[in-house]
Amino acid sequence: MTSKKIINKADKVFQILRKEYPDVVTQLDHENPFELLVATILSAQCTDARVNIVTKDLFKKYIIPKDYISVPVEELEKDIFSLGFYRQKSKSIRNMCVELIENHCGEVPADFDKLTKLSGVGRKTASVVAANAFNIPAIAVDTHVKRLSNLIGLTVNKNPEKIEADLKELLPKEEWKDSSHWLIMHGRNICIARRPKCAECKITKYCDYFNSK
DNA sequence: CTCCCGATAT
DNA sequence: ATATCAGGAG
């Protein structure tokens, strides 16, 4: 159930963001779906900019799933150390590569449900890969999308899966991918978690957080 | 719910 | 010193 008030708010907000961020793309450097999958797993709790620094060399050394399994796990841990959670992420990537080889002929499946079944891949990562590598309509609810959706008042839910469902009701499928990018761009540039720049924000008129200050 | 975990801005 | 960074698994 989405109230008319929220539907109207969403229309105004996304109209402004659409104009503000006309050409949105993933900031994660990648040249194919497999690289995007690895980069997205690595991006958990860490900025795209730092992932890109690591993947610049990583993607020269590891080309296909087999490459990640061929080295001792300690070597992969060292290669991604600076990103944090390096033990978890190494294990996830290795298991994910085994699963790609055993269940998907070494290819990244172009299917949301199949993606979420891979090690280290939850709804957010699956959405990023589905939307950006395969143009499958999806909304990736990351920390920015969550924060802005709650601050603006596009949803009253705190659970990412519920936020995703709420946003999908507010937008046509054709805009699912771009809408998450708009919120992410706005979250990084203006509605910054540590210190929101409300003075520079163009959607304060429709923002619950701003109007309740 | 807790744990994983380094880099960075404030 | 502390919060936060394009989360996911157990």
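Here is how names work: the chains are called A, B, and so on, in the same order as the sequence lines, proteins then strands, and each is numbered from 1.
- Between the P atom of C/dG7 and the CE atom of A/M96 lies a distance of 17 Å, rounded to the nearest Å.
- Atom CD in A/Q88 sits about 7 Å away from atom C1' in C/dA9, given to the nearest Å.
- B/dC5 sits 22 Å from C/dT2 when the P atoms are compared, rounded to a whole Å.
- Nucleotides B/dC4 and C/dA1, compared at atom P, are 23 Å apart to the nearest Å.
- Mapping A/I184 and A/L118 onto DNA chain C via the closest heavy atom, the residue that lands nearer the 5' end is A/I184.
- At the heavy-atom level, A/T125 lies under 4.0 Å from the strands shown only through sugar-phosphate atoms.
- Put simply, the residue from A/V145, A/D142, A/I139 that forms a side chain to side chain contact (heavy atoms under 4.5 Å, CB included) with A/L183 is A/V145.
- Put simply, chain A comes within 4.0 Å of DNA chain B, heavy atom to any atom, from B/dC4 to B/dT10, going 5' to 3'.
- Rounded to whole Å, the distance from CD1 on A/I41 to P on C/dC5 is 21 Å.
- Note on A/I192: nothing from the nucleic acid sits closer than 4.0 angstrom, heavy atoms only.
- Under the rule for a salt bridge (Lys or Arg N to Asp or Glu O under 4.0 Å), A/K114 has no partner lying at least two apart in sequence or in another chain.
- Toward the 5′ end of DNA chain C lies the nearest nucleotide of A/R194, the other residue of the pair A/V128 and A/R194 mapping further downstream.
- B/dA7 and C/dG8: their P atoms are spaced 22 Å apart (whole Å).
- Residue A/R188 is classed as a base contact, given a heavy-atom separation below 4.0 Å to a base.
- At the heavy-atom level, A/R87 lies under 4.0 Å from the strands shown only through sugar-phosphate atoms.
- Under the 4.5 Å side-chain contact rule for hydrophobic residues, A/L115 and A/W176 do not share a cluster.
- As judged by a 4.0 angstrom heavy-atom cut-off over every strand, A/A193 is placed among residues touching the sugar-phosphate backbone only.
- Between A/S180 and A/V141 the shortest side-chain heavy-atom distance does not fall below 4.5 Å.
- Contacts of A/V51 with the nucleic acid, taken as non-hydrogen atoms under 4.0 Å apart, are absent.
- Put simply, OH on A/Y86 is 22 Å from P on C/dC5, counting in whole angstrom units.
- Under the 4.5 Å side-chain contact rule for hydrophobic residues, A/F59 and A/L37 share a cluster.
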| request: In sequence, state the C-alpha distance, the side-chain angles, and the governing distance for A/K168 and A/E164, and then conclude on salt bridge (Lys or Arg N to Asp or Glu O under 4.0 Å). | output: CA-CA 6 Å; A/K168 283 179 174 177; A/E164 181 187 328; 2.8 Å; yes

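- Relative ring orientation between A/F34 and A/Y68 is described as perpendicular, the plane-to-plane angle rising above 60° on a 0-90° scale split at 30° and 60°.
- C/dG8 atom P lies 11 Å from atom CG of A/L37, rounded to whole Å.
- Between A/R147 and C/dC5 there is a side-chain N or O to OP1 or OP2 distance below 4.0 Å.
- Ring planes of A/H186 and A/Y21: perpendicular class, angle over 60° (limits at 30 and 60°).
- In this structure, A/Q45 places its CD atom 10 Å from P of C/dG8, rounding to the nearest Å.
- Following rounding to the nearest Å, A/K146 (NZ) and C/dT4 (C1') show an atom-to-atom distance of 13 Å.
- Here C/dA9 presents its C1' atom at 16 Å from CZ of A/R123, a figure rounded to the nearest Å.
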